[in-house]
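What follows is a single structure, written as C-alpha cells, with notes after it.
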Amino acid sequence: MKIQIVNNTIKTLCVFVLGFTLVNCENSKVEVQQKAEFKLQYDEPAKKWTEALPVGNGTLGAMIYGGVAQEHIQFNEETLWRGQPHDYSNEDAGNYLGEIRQLLTEGKSREAHKLAQDEFMSEPLKQVHYQPFGDMYISFKNHENVTNYKRVLNLNDAISSVSYTINGVEYKREVLVSYPDHIIAVNLTSSTDKALNFDLWLDAIHEDKSVITSNDSQTLVVKVKDGVLRGVSTLKVNTNGTIKNVAGKLQVSEASNATIYLTAATNYIDFKDVSGEPEKIVPETLAKVSNTNYDTVKAKHIDDYQKLYNRFQLSFGDNGKSKNPTDQRISDFSETPNDPQLLALYVEYARYLTIASSRPGTKPATLQGIWNDKLTPPWFSSYTTNINLEMNYWPVEMYNLSECHEPLFDLIEDLSVTGAKVAKAHYNADGWIVHHNVDIWRGAAPVNASHHGIWLGGAAWLSSHIWEHYLYTQDKVFLEKRYPLMRNAALFYSQFLYEDPNTGYLISSPSNSPEIGGLVAGPTMDHQLIRALFRSTIEASKLLNTDQEFASTLKTMIDKIAPNQIGKHGQLQEWMEDKDDPENHHRHVSHLWAVHPGKEINYEDTPDSMEAAKQSLLYRGDNGTGWSLAWKINFWSRFRDGDHAYKLLHKLLSPAERPNGKVGGGSYPNLFDAHPPFQIDGNFGGASGILEMILQSHLDKIELLPALPSALPQGRVSGIVARGGFELSFSWENSELKNVEVLSKAGGKCTLSYRNRHIEFNTSKGETYTFDGNLNSK
Ligand code: FUC
C-alpha cells in the first residue's frame, strides 16, 4: 500500500475508483492507493505446458502444472545451454566482402547470396540451444474426489498456489522463486494432522543425467550434462511428518506441512569461462536457507518482489470479469471485447514476467524468458536481435522496472568483445557488430543463411537501449560507463558504410531487411538504425564532453546516408529501389523502425514519411501473430489511432488454441503469447503498445492519452515513466483527461501535451507538480 501525502493536508471523502482508494476532503488531500489485485486463475490443473504457470527470479524459472494426484514442476536454470566457449567468426570472411558488395551493386543477387553463403558465414553455421534443466514430481496418496479446486498465480506477491478439498481436508500448495535466497520454495499444507502423504522425486529429460538420494533422506540431487556444461540441482524437504528414502524417492508420511527448497547451478561463469563449481555452490546456497521456515523465506521474497512490482499501477476499470477464470476471460474477450481490466492484467503480467526473467546480475530474457521444456526448443530459445530481444525490453523503462534492463547491457558488453572479432574478421573494421542471433557463447557472426543471417542492424539497435535508459533515468554515471559501447558500435558503422556507386549515398551493404527480400545493398531499416545511433552518440559525447572529433565525423556522415524514400504506391520504401509489393503481408515491418521504436519519422518533423509509413503498414495488413501483431499495436499507437491499435490487441488476446484444434496467433491459457509457438516478445511488445496508447514521450514532450481507444474511456495509471526522468500519475473519465501528477526525478524542463494544449515548466528534482485535465496547475 502506498500512502501519499500531498501538500501535507488531509481530505476525507472516500471513493473507490478503478481499484484505487482515494480518500479526499475539502481543504486537504491524502491519497491512499491500494493496488488492485491481479491474478491468473483456473478451475482445473494444467494439462499442457502452455497452461502451467510460470514463476522465476531471473536465474531459476519453473512451470507449475498444479495436478491434484500428481504435481509436476518443470524447472530451468538460465545458464544451461548446449555447446562450449566458441568464437563463431570466420577468419577469411573479410576477403570476400568487396566481391559480395560488387555483385550486389551489379544486381547479381543470386551470385552474391551463393558467395556469401559459401564464404561469409559463421563457423559453424548454427548456434546452440538453451536447455531445460529438470522436473520435480510430487505424487499424493488417496487424492480422489476433489472439490473447491483453484489454481492461481497472484501477481501481487508472485506466488503460485493450488488449493482443494478432499473428504473435508483442505490442501494448499504454494510455489515461489526467491531472488534474495536463490531457491524455488514449495510449501504444502493440509488442514488436519497427518493428512499429507506423498512421494517426491526429481528427474530430467536429458540423456546424460543422474539422480542421487542422500543418506539423510531429506535431500535429492539431479545432475545433467550438455556439451561442456554440467548442471547440479538439489532439493531438501523439511516436514512435521516422517521421511523415508524408498527407491530413489522421498516418501513423506503423516505430515500436515512440508517445505521443499530447490536450487540449481551450472559451471558457466561467462562466455569464455566454464570453471564454475555447481557441486559446491548448490549445497552452499541450500545450506543458507534449508533451516529457515517457509514464512520467513516467503516474507523476504514478497518484500523483495513488491519493491519492484508496487511502483506502478494501471487500471482500466474492473467490471467484475476479473473474477472469472483467465482462460474463460481470454475466450470471452475474443467474442465481446468488454473486459478492459484484462488489458491492465496483460500489462501487469508483462511486468511480472520481466521481474521473473530479468533481474540485475542475471542473463536477459530469451525468446521464452527463462522457461523452456524442450531439448530442441523453437528457434533455439535464444536471443534473436532483429526484433525479438529488443522487444523484450520495450516497456521496461516505461513500466518502472529500469534496473531489470541491466541484463541486456551486460549482454551488450559481452557482444562488444565477441562482436569486435567479427568486425575485424568479416569487415576489417574497428568497433563491434552483432548479426541477427546470439547464444550463451555470445556468437555475433552471421548464422544460418545469407538471406537472413547477414543483417547489420544488431549493434545499433542494442545500443539504442543504452541511450533510452539514459533518457528515462538521466543517469550520467550510467551513460559514462556504457557510452563506449555506443561509441564503438558507431565506430564500426562509420567504417562499414559504403559509398553506393549507383546513387552516391552511404549505404549498409551487404545486409537484409529482416527476413524479407534476401541479401541486398542498403535496406532502409539499417540506415534508420545507423542514423539514430550516430545522433545519440553525438548527443552523448556532448553530455560527457568527450570524443568531439569523432562526433563531428559522424555528423557529416549522417546527411550522406541514404534517406527514407517514398515509393510509387505511396509507401515508405523498404529498400533503395522502389520495389515494395503492396500485396506482401510479411510479418516483419522493419522499415518502419523509425516510427517505433525509433522517432526519426513522426507527424511533426516528417509528416509525409509518416503518412507513407502508415500506408506501408496498411499494405502489410492487420493479420499477424505474436511479436508482429505486438509491433503493429505500437505503430498504430504512434499513428495516434487507438481504435486500430485496439483492434489488433483484440487479436493478440484471442485464444491461440482454436476450437478446430489448430493453434494460431493470440494467447495461450496461461497468457503466454503465441507466435505460435510460445514467444515472450509478444507479451512485452503488447504491453508496450498498451502503454504507448496512454503516454508517449519520444518527441521531447510528454503526450498524454495520445492514442486512447474508445473502448478504454476510463482509467488510471500511476508510476508510469517518461523520458526526461519524470514519473507520472493520471486518470481519465469519459475519454477525457482528469488529473495529472508529475514527479520530477532529475529536475529540468518538462513539457506536457494533451490534445491541442501544451505547457512547459521548469522542475526541481524530487518535486511533484499537479494539474487538472486542462493542464492547469493545481
Ligand atoms: C525471427 C522471426 C521469427 C521468429 C524468430 C525467433 O526470425 O522472423 O518470426 O520470431 O525470429
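All ligand and atom numbering here is 1-based and tracks the order in the structure.
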Which part of [X] is near ligand 1, with near meaning a heavy atom under 4.0 Å away: side chain, backbone, both or neither?
X	result
H588	side chain
N388	side chain
L367	side chain

Can you tell me which residue and heavy atom of the protein come closest to atom 9 (O) of ligand 1, and the distance to 0.1 Å? H675 NE2, 2.6 Å
Taking it one step at a time, do M525 and W461 satisfy side chain to side chain contact (heavy atoms under 4.5 Å, CB included)? CA-CA 10 Å; M525 179 201 218; W461 197 342; 3.4 Å; yes
Does a sphere of radius 6.0 Å around CD in E403 hold more than 12 heavy atoms from other residues, nucleotides or ligands, not counting ones at 6.0 Å or beyond? yes
Does atom NZ (K114) have a neighbourhood of more than 12 heavy atoms from anything else shown, all under 6.0 Å?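 Atom NZ in K114 is not crowded, with 12 or fewer foreign heavy atoms closer than 6.0 Å.
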Think R442 forms a cation-pi with F271, using NZ or CZ under 6.0 Å from the six-ring centre and within 45 degrees of its axis? no
If you measure every N or O of [X] against every N or O of ligand 1, does any of those distances drop under 3.5 Å?
X	value
Q679	yes
W627	yes
E515	yes

Geometric class of the W627/W631 ring pair [parallel <30°, tilted 30-60°, perpendicular >60°]: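 Judged by the thresholds at 30° and 60°, the geometry between W631 and W627 is tilted.
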Look only at the side chain of D270 and the backbone of K272, and say whether a donor-acceptor pair between them is shorter than 3.5 Å.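 Checking the backbone N and O of K272 against the side chain of D270, a donor-acceptor pair under 3.5 Å is found.
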